[in-house]
Amino acid sequence: MLGGWEGFMIKSSVEALMGPRSLGRSMDPATTHAIPMRRLQRLKYHHPSTPPITKPPSRSSSSSSSPPDRRVVIDFLQRKRKSPNNEQQEKGKAQSPDEWNDEELRSLLSSASFTQTHLLQVIRALNDTQTALRFIDWASCHHSPPLHGPSAFQTLFDAASRRLPNPHLRLQELLHQSRLRGLPLTADSASLLIHSFSAVGWVSQSLQILHDLKPHLRKTPLYNHLLHLLFKSDRPSDALSLAHHMLDSGRRPNQVTGAILFSALLKRSNHGVDEDSIARLVLELGRHGVFPDTVQLTQWITRLCQNCGTVKAWDLLHALKDLGAELQVPSFNALLASLGRERDFHRMNLLLAEMKEMGVEPSVITYGILINQLWRQEEGLGLMGRMLMQYNCSPNTVTYNCLIDGFCKAGEIDNARELFDGMTEQGVPPNVITMNTIVDGMCKNGRISSALQFFKELRGKGLEGNAVTYCSLIGASLHVNNVTKAMELFEEMVNGGISPDSVTYFTLISGLSQAGRLEEASSVASSMEEAGFHLDVASYNVLISGFCRKKKFEEASKMLKRMEEAGVKPDEVTYNTLIAALCKGGDILTANEVMSKMIEEGCVPSVVTYGALIHGHCKVGNLDEALKLFRSKAASGIRPNTVIYNILIDYLCKGNELDTALSLMDEMRAQGVFPTATTYNSLFKGLRDRNLLDKAYELMDQMNEQGCNPDYITVEILTEWLSAVGETTRKDG
DNA sequence: TTAGGGTTAG
């Protein structure tokens, strides 16, 4: 059993002892000490294992149904209470129960018509706890058959629970009296006490009642009440332990148990409750035929997938299926979506087959998930066709959006556009997401004017753009350095009443910085702050890097200060940017100081940091130092990447160390790092300077074999060089 | 179940 009921109970009892201070105070000191312990032990209480002779009276039992004897006894006892003897007690002197050892009363009680029921009615009617307690003790000794103590106390508990204010304090005191007499609680008493204690938040005391109760009296509703209380008191782990204890001790859960556990466990994101324990509980409840409903199960599967991957969710769903739970499409959809995200097509197919076997019909959402996960769009189209034909299940806007997005991501803009026209023909209305998907697809494929045209077209048909639409268009314009267009779009957006969000701001700041338009970038940053957004570390980094590229180090440093003042801590990227800027200026000393600061601040220098430093050494002509750093970092396990190899190869070529450069390229390949056009360009330049044509041909072949495309620089170097030596074409083309 | 941005070294 997980969590440990024992430990839990020990903790609870400790809390009960240490609990609210008011507990320590007795309700009425005279009552508590009225009967010495020795006397209590002599009292002949009816043995609890025998069932009560009669059921305790309900509150509704009217006096008209009572025999006259009852009235006589009450009158007698009340008379006694007003007698001079009682005055002694009021002065603090304990009154002995023997004072009731009175012939008159004894004969009243031994009348044949005076039953246990009447005794309990008397207790209730006494309307004074102190007198009632003394009467109970007295009657337990003198009445025959003996008074059933637990029932008598139940009557007292019942009466006390109705007396305001603070019934819980009275009950606590009565419980103390009951415990002093060694009486076990009846199931009804326990229920009443738990309800009263839990109403005032006495969690441990409530749990203690359950603990004290004989196991066969710990009924499911009591557990349910306590489970609810524990969740309400933000103790989900204890609730889980209690639930496990309930099940381990053979108590059957009911639908209420399920409702409490399922909804509470789903509400909490994960407060110290581990998923395995919950999953075991869900299965255990399932064994008793208590299952979560479809909504709960679906939420639960989604959460399991997010937190633990699909395997546990898969197992849970199948275990519930084996237990006979009625599973519905949404639960399957949740699992299918996660399997799709993990690209586990095998299990997706298995699950679909199972759905078919179980007669669970796929929904539009199922198809949306399937289409969204398909790489090849023909399959998506085929599936959509089958949806229409086989299942009479029409694709909706989302289905089309997923397909259109697939075409766009595959660069098939024309197909995307065709599908868009197709959906309109089919009467499926495109929404703003459809529009944005196509607009962005066009932008990403370099077709900005088509995107603008398409946007205009749809606006004419009443489909309005939003921040996402403008963000795609602005980002694409900046990407091709069309700052004017980007700013124009931004203005149009704001004038059109569309508020830019943080993504739009970042796109602008980043694009403007990269375009070297730092003044505009800074002013957008200010607008962003005025609009109530905070610049994040990435925004500051692009600004700092922009200033550094422009060699505006003072501005960069001002931005760094602004960043720190805003409480945004420089990160690894910030430090790398600064180190690179210093290295570019040849100031390796300061660059190393910044790196020390970086380490002090808890950032770990990476391959990017060392790349910048290696570049710095090269820049100041210290190739040896550069190679030394390169070797030491490679030895310490930092894998050099393309950029680092390219820097070194470039400077080796420039420094007339062509052989070292060529062997470094071999090493690069051996390390599984592929040379790029930049690598080849450096080498071609080096070879050209020494007119090593054959080696150049060799490299051209390698480049070709490797599938590395020459860029415009490659073309420029080679055409100039080869035409100069009179060979513009090669024999094998 | 669907749409936009994530910075640093060549």
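Letters A, B, ... are given to chains in the order of the sequence lines, protein chains preceding strands, and every chain is numbered from 1.
For an aromatic pair to be called close, the ring centres must be under 6.0 Å apart, and A/Phe454 with A/Phe420 satisfies this. For A/His617 and A/Tyr651, the ring centers sit 6.0 Å or farther from each other.
Of the residues A/Asp536, A/Thr577, A/Asp571, the one that meets the side-chain hydrogen bond (donor to acceptor under 3.5 Å, both in side chains) test with A/Asn541 is A/Asp571.
Residue A/Ser606 is classed as having no contact, given no heavy-atom separation below 4.0 Å to the nucleic acid. Within the 4.0 angstrom heavy-atom criterion, base atoms lie near A/Asn641. Counting non-hydrogen atoms under 4.0 angstrom, A/Ile647 reaches the backbone sugars and phosphates but no base. Residue-level contact check: A/Asp650 touches neither bases nor backbone, having no heavy atom under 4.0 Å from any strand. Residue-level contact check: A/Lys444 touches the backbone only, with heavy atoms under 4.0 Å from sugar-phosphate atoms and none from bases. In this structure, A/Val439 reaches neither bases nor backbone, as no heavy-atom distance under 4.0 Å exists between it and the strands shown.
Residues from residues 504-532 of chain A with heavy atoms under 4.0 angstrom of DNA chain B, sorted by number: A/Thr504, A/Phe506, A/Thr507, A/Gln514.
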Side-chain donor-acceptor pairs under 3.5 Å in residues 458-466 of chain A, sequence neighbours left out?
from, atom 1, to, atom 2, distance (Å)
A/Arg459, NH1, A/Glu492, OE2, 3.0
A/Asn466, OD1, A/Asn436, ND2, 3.2
A/Asn466, OD1, A/Val468, N, 3.0
A/Asn466, OD1, A/Thr469, N, 3.2
A/Asn466, OD1, A/Thr469, OG1, 3.1

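For B/dG5, the glycosidic angle deviates from 0 by more than 90°, giving an anti base.
Salt bridge annotation for A/Glu488-A/Lys485: present, with a cationic side-chain nitrogen under 4.0 angstrom from a carboxylate oxygen.
You can see that DNA chain B meets the heavy atoms of chain A within a 4.0 Å-exclusive cut from B/dT1 to B/dG10, reading 5' to 3'.
Pairing each heavy atom of A/Cys548 with each of A/Phe553, the nearest pair is O-CE2, 3.9 Å. For A/Ser527 against A/Tyr505, the heavy-atom pair with the smallest separation is O-OH, 3.9 Å. Residues A/Thr507 and A/Gly475 share a closest heavy-atom pair of CG2-CA, 3.5 Å.
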